[in-house]
Amino acid sequence: MAVDSADYIFLLFFFFFFFFLFSTLIFFIFRSSKKKPARSPPSPPALPILGHFHLLSSALPKSLEALARRYGPLMQISIGSSRFLVASDAATAQQILRTHDVKFASKFVFASSHHNIFKEAEFVNAPYGAYWKFMKRLCMTKLFAGPQLNRFSHIREDETMKLLRSLWKCHRLGEPCDLSTKLTVLTNNMLCRMAMSKRCSGSDHQAQEIREIVRDTMVCAARLSFAEVHGPLKRVDLFGNGKRLRTALRRFDALIEQIIKEYEDDCGEASEEKDVMDILLETYRDPNAETRLTRDQIKHFFLDLLIAGVDTTSASMQWAITELLKHPHMLKKLREEIDSAVGSTRLVHESDVPNLPYLRAVVKETLRLHTPGPLLRRKCNSNCEINGYDVKVGTNILINAYAIMHDPGTWEDPDEFVPERFMAGDGHGDGHHMELKGQDFHFLPFGSGRRSCIGVAHATIVMHTAIGGLIQCFDLEGGDKVDIKVVTGYSGTMANPLVCYPIGRLNPTVLHVK
Ligand code: HEM
């Protein structure tokens with residue numbers, strides 16, 4: 001029987017259809033037979049409910065470092081119901097912070113954020129998305145980077161001079177000086193004035209009130225982060241810290257709302273110099289702004305700046321001075337450098353810093369040895385592979401910057417204070433190549449990648465000039481009275497306030513400011 005053309009086309013179609021079906025089936029069978037089971041990083045033996053809580057001390061970065069020596073540079077840790085991957089060496093950090101930066105551009109949050117009265121308004125904890133990108137761009141173009149910072153230089157000079165004058169007063173009266181408090185007042189007032197110069201003069205009660213509220217907020221939030229061990233009960237406010245946190249945040253809300261209203265009442269007044277609040281309120285009012293800011297977002301942004309920027313900078317300066325007091329030959333070397341580069345008729349100025357390599361090395365070594373941000377948080381937003389292990393969407397990551405910056409494979413005598421390691425030609429390794437902005441994954445005091453610190457330029461200018469000015473103008477006698485004990489816990493601050501006895505060398509009030 002002859003096959004007509006319609007039957008022929010039908011047969012051809014039939015053949016190709018089954019060929020396609022068959023090959024698709026084979027393809028999927030073959031692929032699924034090759035699919036490997038998920039590979040998870042190693043993990044220490046865990047207890048039911050507590051997880052690895054029993055293996056961790058209150059000096060968290062240090063105990064994680066000890067575990068990493070046994071379980072490797074990427075390990076799984078669980079605390080109560082929360083699970084984390086912990087990265088503890090430079091190569092693993094580089095994969096997370098550079099190779100897969102976008103996949104890890106969000107952060108996980110602790111139980112404390114549940115008590116935040118400003119819902120969805122955070123910047124530091126904001127997920128990687130339109131709002132965070134908009135604010136980051138604003139910070140880097142209009143607020144805290146490069147030439148933008150110069151317009152706040154008079155505030156920095158003025159506040160540094162106030163600090164030096166107050167020490168000169170202690171010298172004249174022969175009184176001890178609580179340098180910890182004075183340095184915190186310095187960093188708080190600088191940020192408050194940069195942020196809202198029109199309402200916080202730095203000498204009025206508002207800056208002080210803000211400092212107290214921010215301190216309360218940080219203490220409660222830190223206590224609440226330990227609630228992770230309560231597992232499913234972590235949202236229950238067992239010890240009342242959540243309530244205290246909400247009270248502190250309401251006080252902040254009332255204070256900053258009043259400040260915003262005062263700005264709004266003055267908005268008709270021409271102002272030559274814009275502060276951070278002016279710029280944010282302009283964006284808030286702009287109907288064509290790419291992202292419309294809410295009032296809560298503006299308020300929370302200030303809170304974020306103060307939480308992230310005040311104690312970090314002041315604690316680092318306290319550590320620098322403490323280490324110099326413990327190592328008089330380094331203090332002498334630094335003073336000689338300042339005396340020869342700056343002289344004795346004017347005060348160390350921001351523009352002197354490029355000519356003060358030992359001062360820069362002291363600052364870097366302080367940030368390496370006593371980093372105030374020892375654990376970097378990230379959350380994985382897309383499946384990927386790190387060190388040959390599968391990392392799934394939603395995984396919480398901790399990068400142990402403390403362990404990386406104390407790694408004996410990179411740093412000779414890692415627990416010693418040796419600024420020389422950051423000087424060219426001093427025979428202490430190649431630390432002099434390492435800059436502060438996180439390009440080298442062995443040295444991460446300000447983190448790295450998209451979520452790295454926005455305040456690095458401001459913080460380092462302040463540290464260089466304040467430490468330089470203190471060493472230039474005073475012999476700070478601390479001797480055995482200086483207590484170098486570290487507070488155990490997340491950030492490794494000093495256990496007791498740094499109290500010293502300033503003896504005047506150069507009177508700051510008669511020195512020229514360049
Ligand atoms: C010595 C002083 C400081 C140190 C050591 C420090 C360190 C850090 C570190 C380690 C991070 C996390 C980075 C990461 O996860 O990769 C961070 C984030 C941040 N820092 Fe700083 N910081 C300091 C001062 C400041 C100052 C003065 C400001 C404000 C002007 C500031 C604002 C911020 C903000 C807003 C973030 C969050 C950035 C984001 O999530 O996108 N910091 N800082």
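As the structure lists them, so they are numbered: ligands from 1, and atoms in each ligand from 1.
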Subject >> Atom indices of ligand 1 within 4.0 angstrom of His458 heavy atoms, with elements >> reply: 27 (C)

**OP:** Identify the protein heavy atom lying closest to atom 16 (O) of ligand 1, giving its residue, its atom name and the separation to 0.1 Å.
**Re:** Arg378 NH2, 2.7 Å

Original post:
Just which atoms of ligand 1 are under 4.0 Å from any heavy atom in Leu376?
Top reply: 10 (C), 14 (C), 15 (O), 16 (O)

Original post:
Mind checking what makes ring-ring contact (aromatic ring centres under 6.0 Å, His included) contact with Phe118, not counting sequence neighbours?
Top reply: His300

Original post:
Parallel, tilted or perpendicular for Tyr402 and His406, by the 30°/60° rule?
Top reply: parallel

Original post:
Judged by modelled atom types alone, do Lys103 and Asn381 share a side-chain donor-acceptor pair under 3.5 Å?
Top reply: no

**OP:** Would you check whether Ser316 has a nitrogen or oxygen atom less than 3.5 angstrom from a nitrogen or oxygen atom of ligand 1?
**Re:** no

Original post:
Is the shortest heavy-atom distance from the side chain of Arg450 to the side chain of Lys136 under 4.5 Å?
Top reply: no

Original post:
Out of Leu303, Asn188, Val310, which one pairs with Val214 under the side-chain contact (heavy atoms from CB on, under 4.5 Å) rule?
Top reply: Leu303

Original post:
Which residue supplies the protein heavy atom nearest to atom 41 (O) of ligand 1, what is that atom called, and how far is it?
Top reply: Trp132 NE1, 2.9 Å

**OP:** Say whether Arg450, considering both its backbone and side-chain N or O atoms, lies within less than 3.5 Å of an N or O atom on ligand 1.
**Re:** no

**OP:** Please say whether the positively charged group of Lys133, taken as NZ for Lys or CZ for Arg, lies over the ring of Tyr128, i.e. under 6.0 angstrom from the six-membered ring centre and within 45 degrees of the axis.
**Re:** yes

Subject >> Distance from atom 7 (C) of ligand 1 to nearest protein heavy atom, with residue and atom >> reply: Pro445 O, 3.5 Å

Original post:
For atom 13 (C) of ligand 1, what's the nearest protein heavy atom and its distance?
Top reply: Arg451 O, 3.3 Å

Original post:
Considering only heavy atoms from C-beta outward, does the side chain of Lys364 approach that of Glu435 to under 4.5 Å?
Top reply: yes

Subject >> Least distance between heavy atoms, Pro419 atom then Met330 atom >> reply: CD-SD, 3.6 Å

**OP:** Work out which heavy atom in Ala341 is nearest to a heavy atom in Asn355; give both atom names and the distance.
**Re:** CB-O, 4.0 Å

Original post:
Among all protein non-hydrogen atoms, which one is nearest to atom 5 (C) of ligand 1, and what is the separation to 0.1 Å?
Top reply: Pro372 CG, 3.4 Å

**OP:** Anything protein N/O/S under 2.8 Å from atom 21 (Fe) of ligand 1? Just list residue and atom, please.
**Re:** Cys453 SG

Subject >> Nearest-neighbour protein heavy atom for atom 40 (O) of ligand 1, which is reported as residue plus atom name and distance >> reply: Lys107 NZ, 2.8 Å

Original post:
Hey, does Thr313 come in under 3.5 Å of ligand 1, counting only N/O atoms on both sides?
Top reply: no

Original post:
With sequence neighbours left out, what residues match His327 under ring-ring contact (aromatic ring centres under 6.0 Å, His included)?
Top reply: Phe417

Original post:
Under 3.5 Å, is there a donor-acceptor pair linking the side chains of Gln95 and Asn387?
Top reply: yes

Original post:
Taking only residues two or more places apart in sequence, or in another chain, which ones meet Arg165 in a side chain to side chain donor-acceptor pair (under 3.5 Å)?
Top reply: none

**OP:** Check whether any side-chain heavy atom of Met190 lies under 4.5 Å from a side-chain heavy atom of Thr160, and answer yes or no.
**Re:** yes

Subject >> Shortest protein contact, atom 36 (C) of ligand 1 (heavy atom only) >> reply: Val124 CG2, 4.2 Å

Original post:
At a 4.0 Å threshold, what atoms of ligand 1 neighbour a non-hydrogen atom of Ser448?
Top reply: 16 (O)

Original post:
Which ligand 1 atoms are under 4.0 Å away from a heavy-atom of Phe123?
Top reply: 35 (C)

